[in-house]
Protein chains: 2
Amino acid sequence: MADDKVTRRSRGGTGRTRLAEVARLAQVSTATVSRVFNEPAKVSDSIQQRVREAAAALHWIPNAAGRALASRRSHIAGAIIPTLDNEIFARQISGMQAVFAENGFTLLLGCSNYDPAEGLNQVQAMLAQGIEVLALVGENYPPQAFDLLRQRGIPYVLTYGFRHDSPHPCIGFDNRAAFRQIADYIVSLGHKRIAAIFQPVDANDRVVARLEGLREGLAAGGVTLRATDLHIGPSSMDFGAESLRRIMASKTRPTAIICGNDNLALGAISAALDLGFDIPNDLSITGFDDLAIVSRIAPQLTTMRVDNLEIGRLAGQQLVQAAGGGVPVQSHELRADLRLRATTSPPRSAAGATAAAGDGNDADDHKPRHQQPRAGIRTQRVEHDLQEDKKQRRAP
Amino acid sequence: MADDKVTRRSRGGTGRTRLAEVARLAQVSTATVSRVFNEPAKVSDSIQQRVREAAAALHWIPNAAGRALASRRSHIAGAIIPTLDNEIFARQISGMQAVFAENGFTLLLGCSNYDPAEGLNQVQAMLAQGIEVLALVGENYPPQAFDLLRQRGIPYVLTYGFRHDSPHPCIGFDNRAAFRQIADYIVSLGHKRIAAIFQPVDANDRVVARLEGLREGLAAGGVTLRATDLHIGPSSMDFGAESLRRIMASKTRPTAIICGNDNLALGAISAALDLGFDIPNDLSITGFDDLAIVSRIAPQLTTMRVDNLEIGRLAGQQLVQAAGGGVPVQSHELRADLRLRATTSPPRSAAGATAAAGDGNDADDHKPRHQQPRAGIRTQRVEHDLQEDKKQRRAP
DNA sequence: ATAAAGCACGTAAACGCTTACATTGCAAGT
DNA sequence: ACTTGCAATGTAAGCGTTTACGTGCTTTAT
């Protein structure tokens, strides 16, 4: 009796078939089963077959928790985005998810809703889940988040924006340069009086950079952006529309409006059309993002295209590599392409002018890299994203 | 020497601080530490405080793998969607993610790209990761996926579509009824010759249901949908546009076109405008989904709104409850709301008619539930989604 | 006063897998 | 013939938590 004091403790398990059962059926050790699926080269063919058959027969699916615990690899990648309610972020996730899936990673997704504190929460939750790598999509995550990541040696990358002087690896485009390009283009068309409608700048480096680029380009063209011509507010179509109404109600109307993104631009366009303005003859408008819709409505919006799918893919690739080989994540700068469409043209005053040459402004220096606008731009056959239609999209 | 045969095997661990270290610092057992965070009621206040302080001091983040293994709860929820490149699915995920986050679940996301086989893969990967619940967003997952889920007792739910006779719990709207409603409305306006542009039906119950509802409604109004008037193809704007051109090139043109979704409708509208048709006077067009954009462009699209955010939220709630209490997931049917906007009106022939009363068709039976169209619909002030602008959206 | 019943906490056995190390068998080297 | 070396497999110790079950000790009922 005395030696029988070992009470058998059972906690019942999960009920799922375990690796041990596969091993028993295949008449091998658990180690061998594990090797078959993780280091097949180390196991003879005959035994491999036996094991695989046993696994299939038992419908065995390995338990990720056990595996993660033992191997200290979770095969989980994390991504935190401001919101899914935005085509550009959704596309990045889409690209990333594809790469992760190809490489045996599953994607843990978190949304911060533009709240840095919530972003930090998400980072913590993800660390708890044992993510191996993390993509921080969009901007503005609290510094503490990065501390946590570095402290634990988790490879991470910031996407969407790119800055040469960023302390973090980042994959995206240069906001400043992009808006500089837009400004240069508008100036080169001969516009003298220009307004802008922007999203909030507070605690948002990227938007600040956009404004910098914009001011820089305008300044180079001898144009200044007056305080009253800069409208900042929520990034909604409504705000775009409201701002436009306010702008066009002023006594000295601009001939061009540069918007911080497509949403604002769409709002501005719809309001302008409502007021009876002719776009682009009375008023040129530019956006940013090249949302799917903006090239399919009339008038097609001149905007800046960023390949968000590619950003997502690149980020995914970098992170997968970093997770595997310990290679550091490399930053990548992508081009943002100016898509000249039907909402921009020289101002009426400069109608006949060949894209505002001479005229005392020295913007010419910046023009060579842009395709010159043509008079017939409005009716030009605008490129379609053929891809979009090739992958035959089923429908909801 | 002989009794010293136990070689100390060390695998180095993760380097992260462990619960055991917190326990040592707080001078309690590991069990107590665990209780502090999982069953605080069972631990005295003084010790709780000590433990919490120790945990904070060490920046301890519990290891989810260990926890999952021991507790057999992963606190991971899965969601599989056809694609993120679609506002409606993205919104569902958005709503779901919020609910999950509130309830301590992290979201594992998978995309099937409309490929059932890939969907099954994703299901397996998720099961391996130990998801506790799963949302299958959209349609068409292979039957085997459900077998796996049932076999393992994982609560799941299908979202977007709803069918009373579905063998699975589902949360969404009734596709058949929704299209019946659209058909009834169009018939009630007095249209006699009606065409349709739809997404592919193959292996897609929901689209089949839409067509059924459509045919049913038309039949009730004495209208038949001729084979040549039904165009089926990829759910892209381009196909919508192409179909419209083909339709309007026929000798007997329809006065109304019912589209399977907004994308197709947008394409159709833009093609129709290009051809110089007056919408809605020459041609009425309807969509489905109420994408954000369709109420902000001219002419504003008459379409059906489904609250995808709510679908996601409901699904999340149901799954969270199912995970906790073992309550079965309950199906929910949501209303789809017809949004009457500017792309529909009575046909020219019936111009003065008060919404096609009499006229020998007995569609009146079905009308009461719809708001009657007014002559001035084109210029009516259309409702905005105020919400959209309230939550001040920051911008990319 | 005494037994029964809580209560607060500790002990240590799982959880399902990977992997360092041990073992075995067999071909090649001396 | 006898090490040596390598390749294929087995043994069993963790990985970091949770939790069933003990263990004292303080209440409460009898």
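Chain A is the first sequence line, chain B the second, and so forth, proteins listed ahead of strands; every chain is numbered from 1.
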Distance in angstrom units between B:Q27 CD and C:dC9 P, rounded: 14 Å
Atom-to-atom span, CZ of A:R24 to P of D:dG10 - whole angstrom: 15 Å
Considering all heavy atoms, the nearest B:I154-B:I131 contact: CD1-O, 3.4 Å
Length of the CG-P vector between B:N38 and C:dA8, whole Å: 17 Å
Aromatic ring proximity B:F146/B:Y156, centre distance under 6.0 Å: yes
Ionic contact status for A:R313 with A:E310, cut-off 4.0 Å: yes
Crowding at CD, B:Q151 (>12 non-hydrogen neighbours, <6.0 Å): yes
Sugar-phosphate, base or nothing in reach of A:T32, heavy atoms under 4.0 Å: sugar-phosphate
Side chain of B:A31 (C-beta onward), nearest among C:dA12, C:dC9, C:dT18: C:dA12
Comparing B:G66 and B:S29 on DNA chain C - which has the more 5′ nearest nucleotide: B:S29
Side-chain donor/acceptor of A:R35 to base of D:dG10, under 3.5 Å: yes
Short side-chain N/O contact to D:dT18 OP1/OP2 from B:S71, under 4.0 Å: no
Rounded distance (Å) that lies between atom C1' of D:dT18 and atom CZ of B:R67: 9 Å
Touch class at under 4.0 angstrom, heavy-atom based, for A:V28 against every strand present: sugar-phosphate
B:L19 CG - D:dC15 P separation (whole Å): 14 Å
Validation row, ring centre B:H332 to ring centre B:F162 under 6.0 Å: no
Ion pair B:E21/B:R18, N-O distance below 4.0 Å: yes
Whole angstrom value for the distance that separates P of D:dG16 from CG of B:L58: 14 Å
Residue B:Q27 excluded, over 12 heavy atoms near CD under 6.0 Å: no
Sugar-phosphate, base or nothing in reach of B:S44, heavy atoms under 4.0 Å: sugar-phosphate
Separation of atom CD in B:E39 from atom P in C:dG10, rounded to whole Å: 15 Å
Angle between terminal axes - the helix from C:dA1-D:dT30 to C:dC26-D:dG5, 5 pairs each end, rounded to 10°: 50°
Distance in angstrom units between A:K42 NZ and D:dT9 P, rounded: 13 Å
Options D:dT17, C:dC15, C:dC17, nucleotide nearest the side-chain atoms of B:R18: D:dT17
